[in-house]
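To keep things clear, I will list the structure first and then write my remarks on it.
What you see is a predicted model, and the numbers here were worked out from it, not measured in a lab.
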Amino acid sequence: MRLQKAETEASFLLGAQGKKARFLKLGGCGILGVGIWLAVTQGNFATLSSSFPSLSAANLLIVTGTFVMIIGFVGCIGAIKENKCLLLSFFIMLLIVFLLELTVVILFFVYTDKIDKYAQRDLKKGLHLYGTDGNIGLTNAWSIIQTDFRCCGVSNYTDWFEVYNTTRVPDSCCLEFSENCGLHSPGTWWKDSCYEAVKIWLQENLLAVGIFGLCTVLVQILGLTFAMTMYCQVVKADTYCA
């Protein structure tokens, strides 16, 4: 009777975890697909860093999608085969992801000022790659950011003076876009800092980012709980069988 009950509980948990793992695998496939589409159609769009040229939206989505898909695949196979090794691997991988995210968040808040200074310095270095061969992604990203956020340069429009070695800015800095408008007087350019403009936008959307982060954490905690509970149930069932 106890053996049958243990097997029933294990089967229920395996089924629930199997569905969760399949969802993760499908989600990973979706993220990977979007990343590949961006890489093919948009190149390295959103690459702004000179120190990390591979840090683009497309590459981040490809790496994230691949990792999530692998985790989901391991969990799915582990649930179907009732394999303790795979189930434990699924739990460990989820735990590693959770701890990495927690570490990044803690380091971000502890070193906010240093990160700010480093980010601005690195972005200013990236300005020198604007419009150069092989940097179409960085060029497109800066053009779109300056146009959409109505800003110019990292700190202000004078950042571009060092890039061009003259008093001019990209045409995307102009209040009214026209060919070679960046050669006109500063009165025709946006004055705001793009770095500060993006920070303000993030702060205004902080609630949405916080809710998304909280939901992600809850899903991960539930996944960890299910994975460990399921692993224990399989071990218990094997013990009864033995």
Side-chain angles (χ1 to χ4, degrees), residues 35 38-39 42-64 67 97 99-175 177 180-210 212-213 216:
L38 274 177
Q42 305 295 328
N44 290 325
F45 175 77
T47 299
L48 295 173
S49 173
S50 59
S51 301
F52 304 98
S54 297
L55 189 64
S56 65
N59 291 341
L60 284 174
L61 287 173
I62 289 173
V63 172
T64 302
F67 194 60
V97 171
L99 292 177
L100 283 175
E101 291 172 348
L102 186 62
T103 302
V104 169
V105 170
I106 292 173
L107 290 176
F108 177 80
F109 284 108
V110 171
Y111 297 103
T112 299
D113 292 338
K114 290 184 178 180
I115 292 172
D116 263 354
K117 292 178 181 178
Y118 175 81
Q120 291 185 60
R121 185 169 64 249
D122 189 56
L123 288 171
K124 287 180 180 179
K125 287 182 182 178
L127 293 181
H128 291 271
L129 301 176
Y130 183 89
T132 58
D133 294 337
N135 290 291
I136 184 66
L138 182 143
T139 302
N140 289 340
W142 268 114
S143 296
I144 290 173
I145 287 172
Q146 291 183 143
T147 301
D148 289 352
F149 285 91
R150 300 182 176 185
C151 59
C152 189
V154 179
S155 299
N156 53 54
Y157 63 87
T158 59
D159 293 336
W160 291 107
F161 295 176
E162 299 178 15
V163 177
Y164 291 112
N165 291 320
T166 185
T167 307
R168 69 160 297 182
V169 297
D171 293 344
S172 56
C173 280
C174 299
L175 299 174
F177 178 83
N180 294 321
C181 61
L183 295 171
H184 300 163
S185 66
T188 63
W189 306 331
W190 300 114
K191 301 296 191 300
D192 292 339
S193 158
C194 286
Y195 189 81
E196 292 301 322
V198 173
K199 279 185 67 175
I200 291 171
W201 180 82
L202 288 173
Q203 289 170 358
E204 289 175 347
N205 293 274
L206 194 61
L207 179 60
V209 174
F212 175 77
T216 302

Tell me, with the steps shown, if Cys174 and His184 meet side chain to side chain contact (heavy atoms under 4.5 Å, CB included). CA-CA 9 Å; Cys174 299; His184 300 163; over 6 Å; no
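- Within the structure, disulfide bond (SG atoms under 2.5 Å apart) contacts touching residues 105-143 (residues at least two apart or in different chains) do not occur.
- Of all non-hydrogen atoms in Thr139 and Leu129, the two that sit nearest each other are OG1-O, 4.4 Å.
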List the steps, then state whether side chain to side chain contact (heavy atoms under 4.5 Å, CB included) holds for Leu202 with Val198. CA-CA 6 Å; Leu202 288 173; Val198 173; 4.3 Å; yes
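- With rounding to the nearest 0.5 angstrom, the CG atom of Asp148 is 10.5 Å from the OG atom of Ser143.
- The CH2 atom of Trp189 sits 10.0 Å away from atom OG1 of Thr158, with the distance rounded to the nearest 0.5 Å.
- Nearest heavy atom pair, residue Gln146 against residue Ser172, reads NE2-OG, 2.7 Å.
- Atom NZ of Lys117 has 12 or fewer heavy atoms from other residues, nucleotides or ligands within 6.0 Å.
- Taking CD from Glu162 and CH2 from Trp160, the interatomic distance works out to 11.5 Å, rounded to the nearest 0.5 Å.
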Run Phe149 and Asp192 through side chain to side chain contact (heavy atoms under 4.5 Å, CB included) and show every step you take. CA-CA 9 Å; Phe149 285 91; Asp192 292 339; over 6 Å; no
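- Cysteines Cys194 and Cys152 are not disulfide-linked, with SG atoms at least 2.5 angstrom from each other.
- For the residue pair Ser193 and Lys199, no side-chain donor N or O sits within less than 3.5 Å of a side-chain acceptor on the partner.
- Here the CD atom belonging to Gln203 is positioned 8.5 Å from the CD atom belonging to Glu196, to the nearest 0.5 angstrom.
- Summarising the geometry, atom CG belonging to Leu138 is positioned 11.5 Å from atom NE2 belonging to His128; distances are rounded to the nearest 0.5 Å.
- The two residues Asn156 and Lys191 come nearest to each other via the heavy atoms CB-O, 4.1 Å.
- The shortest side-chain heavy-atom distance between Val169 and Trp190 does not fall under the 4.5 Å cut-off.
- Side-chain N or O atoms of Asp122 include none that pairs as donor or acceptor with a backbone N or O of Tyr118 at under 3.5 Å.
- How far NZ of Lys114 is from CG of Leu107: 11.5 Å, rounded to the nearest 0.5 Å.
- Shown here is Tyr111, whose OH atom has no more than 12 heavy atoms of other residues, nucleotides or ligands within 6.0 Å.
- With Cys151, the cysteine Cys173 has an SG gap of 2.5 Å or longer.
- Remark: the backbone N or O of Asn180 is paired with a side-chain donor or acceptor of Asp171 at under 3.5 angstrom.
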Verdict with reasoning, Tyr130 to Trp142, per ring pair (Phe, Tyr, Trp, His ring centres under 6.0 Å): CA-CA 8 Å; Tyr130 183 89; Trp142 268 114; 7.9 Å; no
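- In this structure, Thr147 contributes its side chain and Ile144 its backbone to no donor-acceptor pair below 3.5 Å.
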